[in-house]
Number of protein chains: 2
Amino acid sequence: MSSGSDQQDIKREKILEAAYQRFLHYGYSKTTMNEIAGDLSLSKALLYYYFPDKSQLYIAVMRKLAAEYIQKLQNKLNKFDNLREAFIFQIDTQHDFVVKNYNFFDFFRVNEQNLPDTIWEIITEIHQTEMVLLSAAIQIEADKGNIKPVDNPGEIVDLLLDALHGVRVSAVSHKKAMFPQKEHLEEIHTKRLLLLDIFIKGLMY
Amino acid sequence: MSSGSDQQDIKREKILEAAYQRFLHYGYSKTTMNEIAGDLSLSKALLYYYFPDKSQLYIAVMRKLAAEYIQKLQNKLNKFDNLREAFIFQIDTQHDFVVKNYNFFDFFRVNEQNLPDTIWEIITEIHQTEMVLLSAAIQIEADKGNIKPVDNPGEIVDLLLDALHGVRVSAVSHKKAMFPQKEHLEEIHTKRLLLLDIFIKGLMY
DNA sequence: AAACTGACTATTTAAACAAAATTATCAAAA
DNA sequence: TTTTGATAATTTTGTTTAAATAGTCAGTTT
């Protein structure tokens with residue numbers, strides 16, 4: 001499947017790492033190809049030897065991040081004691097992911113309405129992984145008889161994820177900050193736990 | 001409290017109405033004071049006789065819309081048979097309000113992060129009215145013994161409103177449209193009803 | 001005096017253009 | 001095959017000017 005030598009792959013990795021650091025610290029638009037090349041003491045032209053253009057480089061980094069995130073989720077598949085635990089894991093993991101890479105995602109905010117299809121595919125893939133993980137957790141809980149049998153676990157998961165998302169969005173837009181402050185993070189987390197408890201309770205008999 | 005003659009109030013009202021129509025059809029920034037004056041066959045200078053500036057005129061219209069919306073809610077205070085009905089009323093009423101005045105609110109989208117304090121006050125007032133209405137509904141339901149007693153109904157209402165908001169936001173951002181299409185509206189509504197049912201169930205014993 | 005206006009000024013937005021920065025290419029070297 | 005310096009192409013940024021619009025005010029009408 002994969003073409004190219006080991007050497008090539010190693011260099012590719014180095015470029016991805018350097019690019020990631022730049023994108024993370026300065027955002028997509030304030031990072032130049034020259035700077036990435038400079039960090040590696042390479043010529044800019046070499047970057048174009050390994051990646052067709054800047055946006056493809058960004059997407060390649062994104063893909064790597066997504067793969068790590070997905071891996072983290074898949075490691076826990078079917079490893080939960082109960083539904084609540086599964087959702088808390090997803091909430092915390094996603095939260096860490098977003099916080100850690102906040103600046104990296106400025107690409108999303110800038111290109112808002114017309115993200116490349118490839119990005120959408122990555123987002124979809126992440127979403128599906130979350131769905132699989134959490135749907136399984138719901139199914140298990142239903143099989144154990146702790147909650148009502150659900151004909152479509154995915155639908156329920158989707159709904160709860162949307163609702164949890166709302167808790168974040170509202171907290172942000174009520175206040176005027178673009179990104180929740182440290183203090184608000186705690187509040188959001190508390191609210192989410194409350195919502196989660198009520199929701200799970202609502203699934204019971 | 002209110003100063004100025006009846007005549008003055010009537011003219012003020014006419015200006016507000018004309019301004020509303022313009023703002024609604026063309027948005028804030030694409031509406032000129034000249035046009036509003038023209039619609040009423042008045043000189044632009046007269047608008048400044050009644051309102052200090054353009055943004056204050058806009059805010060005055062906003063205040064009027066908010067007052068009507070708040071009135072609609074207050075009319076139904078303590079008039080619901082059950083909690084679900086109350087929330088459905090709030091969901092539908094808010095939805096209609098947002099859809100009907102969608103263009104009018106472009107002011108919000110443009111000024112995004114730095115809305116005038118007055119606007120925030122209006123938003124807060126609306127939110128508080130919703131809280132009072134729905135908190136009361138929760139309290140009644142608790143008193144009837146249909147759900148667990150809650151020490152802080154406001155907290156619960158706030159949480160559910162956030163969650164419902166999330167259902168809208170997610171539906172919008174998953175697809176690429178800025179505003180949900182007709183088809184999605186139905187989907188959002190269905191999801192919200194489902195969420196509402198689970199949530200209310202989660203509040204029970 | 002209160003309601004109103006035309007003519008004026010002050011600001012903001014838009015267009016056009018040049019300059020600078022950055023992306024992207026390519027022939028040639030290592 | 002990998003790498004680069006030089007260069008072309010494109011995008012962004014800054015500047016100037018013109019146009020549009022917000023906002024003011026002395027003075028007229030009711």
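Just so you know, these numbers use all the heavy atoms, side chains as well, and skip hydrogens, waters and symmetry mates. Reminder, nothing fancy here: chain letters follow the sequence lines and each chain counts from 1.
For the pair A/Gln8 and D/dT1, the criterion of a side-chain N or O lying under 4.0 Å from OP1 or OP2 is not met. Dashed line: the shortest gap from a side-chain N or O of B/Tyr49 to OP1 or OP2 of C/dA3 is under 4.0 Å. Taking side-chain N and O atoms only, A/Tyr50 has a distance below 4.0 Å to OP1 or OP2 of D/dT3. Note on B/Lys30: every side-chain N or O is 4.0 Å or more away from OP1 and OP2 of D/dT21. For the OP1/OP2 pair of C/dA24 and a distance below 4.0 Å, the side-chain nitrogens and oxygens of A/Tyr48 include at least one atom meeting the criterion.
The CD1 atom of B/Ile10 sits 18 Å away from the P atom of C/dA2 (whole-angstrom rounding). Taking atom NZ of A/Lys11 as the reference point, atom P of D/dT4 lies 7 Å away to the nearest angstrom. Counting to the nearest Å, the P atom of C/dA21 and the CD atom of A/Glu35 are 13 Å from each other. What separates CG of A/Leu46 from P of C/dT23 is a distance of 16 Å, to the nearest Å. Between the P atom of C/dA3 and the CZ atom of B/Phe51 lies a distance of 13 Å, rounded to the nearest Å. For the pair B/Met33 CE and C/dC8 C1', the computed distance is 17 Å after rounding to whole Å. Atom CG in B/Leu47 sits about 14 Å away from atom C1' in D/dT24, given to the nearest Å. Rounded to whole Å, the distance from CG on A/Leu40 to P on D/dT4 is 10 Å.
Ring pair B/Tyr58/B/Phe104 is parallel by interplanar angle, where below 30° counts as parallel and above 60° as perpendicular.
A donor atom on one side chain and an acceptor atom on the other are not found under 3.5 Å apart for A/Glu125 and A/Tyr69. For A/Ser55 and A/Asp53, the side-chain atoms include at least one donor-acceptor pair closer than 3.5 Å.
Checked options A/Arg22, A/Gln21, A/Lys14; the residue passing with A/Asp39 is A/Arg22 (criterion: side chain to side chain donor-acceptor pair (under 3.5 Å)).
Although no hydrogens or angles enter the test, the distance criterion places a donor-acceptor pair under 3.5 Å between the side chain of A/Glu35 and the main chain of A/Thr32.
Interface remark: the B/Lys44 side chain does form a donor-acceptor pair with the D/dA22 base, using a distance-only criterion of under 3.5 Å.
With D/dA22, C/dG6, C/dA3 as the choices, the nucleotide that has an atom nearest any side-chain atom of B/Ala45 turns out to be C/dG6.
Across all strands shown, A/Thr31 has heavy atoms under 4.0 Å from sugar-phosphate atoms exclusively, and none from any base.
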